[in-house]
Participant: 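Supplied in structure tokens, the structure appears directly below.
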Amino acid sequence: MSEQAFLVLTALAGQPRHGYAIVRAVEELSEGRTVLRVGTLYGVLDRLVVEGLAEREREEVHQGRLRRYYRLTDAGVRALSAEVARLSSNVRAASAVLRARGV
């Protein structure tokens, strides 16, 4: 799973969000390390929808512009949980190697 997909799924884990809210959440979650452009965001969202990990929840017009809200599916929750476990395992392994080196 790409870091961008991981962060988008994480942003959707708490509640359904529209595109701009996802961009802001990803930037906050990554402490500014990841800033999604609109084209990148919708490319990631399209892939997550095709894979069944996210889905469009609703659309609404806000100040004359269409907002599409996305939410995490049950499969998305499982995929995010599996990725968290994988990353945690990697962090534990790397930390052990670094401790052995005295770092």
Side-chain angles (χ1 to χ4, degrees):
M1 177 181 297
S2 72
E3 182 176 11
Q4 293 168 335
F6 175 79
L7 289 168
V8 169
L9 290 174
T10 302
L12 293 175
Q15 64 186 8
R17 295 180 192 263
H18 57 81
Y20 181 66
I22 296 169
V23 167
R24 286 193 340 238
V26 164
E27 189 170 354
E28 184 178 315
L29 287 165
S30 68
E31 298 177 341
R33 291 182 308 273
T34 302
V35 178
L36 294 177
R37 293 196 169 117
V38 173
T40 302
L41 169 66
Y42 286 103
V44 170
L45 283 170
D46 288 345
R47 284 190 298 280
L48 294 174
V49 168
V50 167
E51 293 170 4
L53 304 180
E55 65 186 11
R56 285 187 188 165
E57 184 187 64
R58 69 182 188 279
E59 294 180 344
E60 66 182 39
V61 176
H62 178 76
Q63 296 179 345
R65 300 188 75 168
L66 182 65
R67 283 186 173 173
R68 287 189 183 111
Y69 284 77
Y70 292 84
R71 72 172 199 84
L72 208 55
T73 63
D74 290 341
V77 171
R78 288 190 299 275
L80 181 58
S81 295
E83 186 67 2
V84 166
R86 185 187 75 78
L87 291 171
S88 295
S89 177
N90 289 346
V91 167
R92 284 191 303 276
S95 295
V97 170
L98 289 171
R99 275 194 308 277
R101 286 188 58 125
V103 177

Participant: Hydrophobic clustering (ILVMFWY, side-chain heavy atoms < 4.5 Å, transitive) - are V35 and V44 grouped together?
Facilitator: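 Cluster IDs for V44 and V35 differ.
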Participant: Nearest 0.5 Å, what's the CZ-CD distance between R71 and E57?
Facilitator: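 If we round to the nearest 0.5 Å, R71:CZ and E57:CD are 6.5 Å apart.
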Participant: Quick one: do L41 and L48 end up in the same hydrophobic cluster if we chain Ile, Leu, Val, Met, Phe, Trp and Tyr together by side-chain heavy atoms under 4.5 Å apart?
Facilitator: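 Linked within one cluster.
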Participant: Closer than 3.5 angstrom, by distance alone: can the side chain of T40 be matched with the main-chain N or O of L36 as a donor-acceptor pair?
Facilitator: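 No; zero donor-acceptor contacts below 3.5 Å.
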Participant: Measure the CG-CZ distance between L45 and R17 for me, rounded to the nearest 0.5 Å.
Facilitator: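 L45 CG to R17 CZ: 12.5 Å, rounded to 0.5 Å.
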Participant: Do L12 and V8 have side-chain heavy atoms sitting under 4.5 Å apart?
Facilitator: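 They are in side-chain contact.
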Participant: Working to the nearest 0.5 angstrom, can you tell me the gap between L87 CG and R92 CZ?
Facilitator: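 Nearest 0.5 Å value for the CG-CZ distance: 10.5 Å.
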Participant: Name all residues meeting the salt bridge (charged side-chain N to carboxylate O under 4.0 Å, His left out) criterion together with R37; count only those two or more places apart in sequence or in a different chain, and write none if there are none.
Facilitator: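 For R37 there are no salt bridge (charged side-chain N to carboxylate O under 4.0 Å, His left out) partners, ignoring immediate neighbours.
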Participant: Could you pull out all residues at least two apart from F6 that satisfy ring pair (Phe, Tyr, Trp, His ring centres under 6.0 Å)?
Facilitator: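 Here no residue qualifies.
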Participant: What is the distance from atom CD of E51 to atom CZ of R47, rounded to the nearest 0.5 Å?
Facilitator: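 CZ of R47 is found 8.0 Å from CD of E51.
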Participant: Measure the CZ-CZ distance between R67 and R58 for me, rounded to the nearest 0.5 Å.
Facilitator: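 Result: 9.5 Å between the selected atoms.
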Participant: Considering only distance and modelled atom types, tabulate donor-acceptor pairs under 3.5 Å from the side chains of residues 72-82, sequence neighbours left out.
Facilitator:
from, atom 1, to, atom 2, distance (Å)
T73, OG1, G52, O, 2.5
T73, OG1, L53, O, 3.1
T73, OG1, A75, N, 3.4
T73, OG1, G76, N, 3.0
S81, OG, V77, O, 3.0

Participant: Taking all atoms of both residues into account, what is the closest heavy-atom pair of L29 and A11, and its distance?
Facilitator: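 Between these two residues, the closest heavy atoms are CD1-N, 3.8 Å.
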Participant: So if you build clusters from Ile, Leu, Val, Met, Phe, Trp, Tyr with side-chain heavy-atom gaps below 4.5 Å, do Y42 and Y20 land together?
Facilitator: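 Cluster IDs for Y42 and Y20 differ.
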Participant: Hydrophobic cluster membership, with links at side-chain heavy-atom distances under 4.5 Å among I/L/V/M/F/W/Y: are Y69 and V38 in one?
Facilitator: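 Different clusters.
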Participant: Can you check whether E83 reaches L9 side chain to side chain, under 4.5 Å on heavy atoms?
Facilitator: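 Not touching, per the 4.5 Å side-chain cut-off.
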Participant: In this structure, would M1 and V91 fall into the same cluster of hydrophobic residues linked by side-chain contacts under 4.5 Å?
Facilitator: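 Unlinked, M1 and V91 end up in two clusters.
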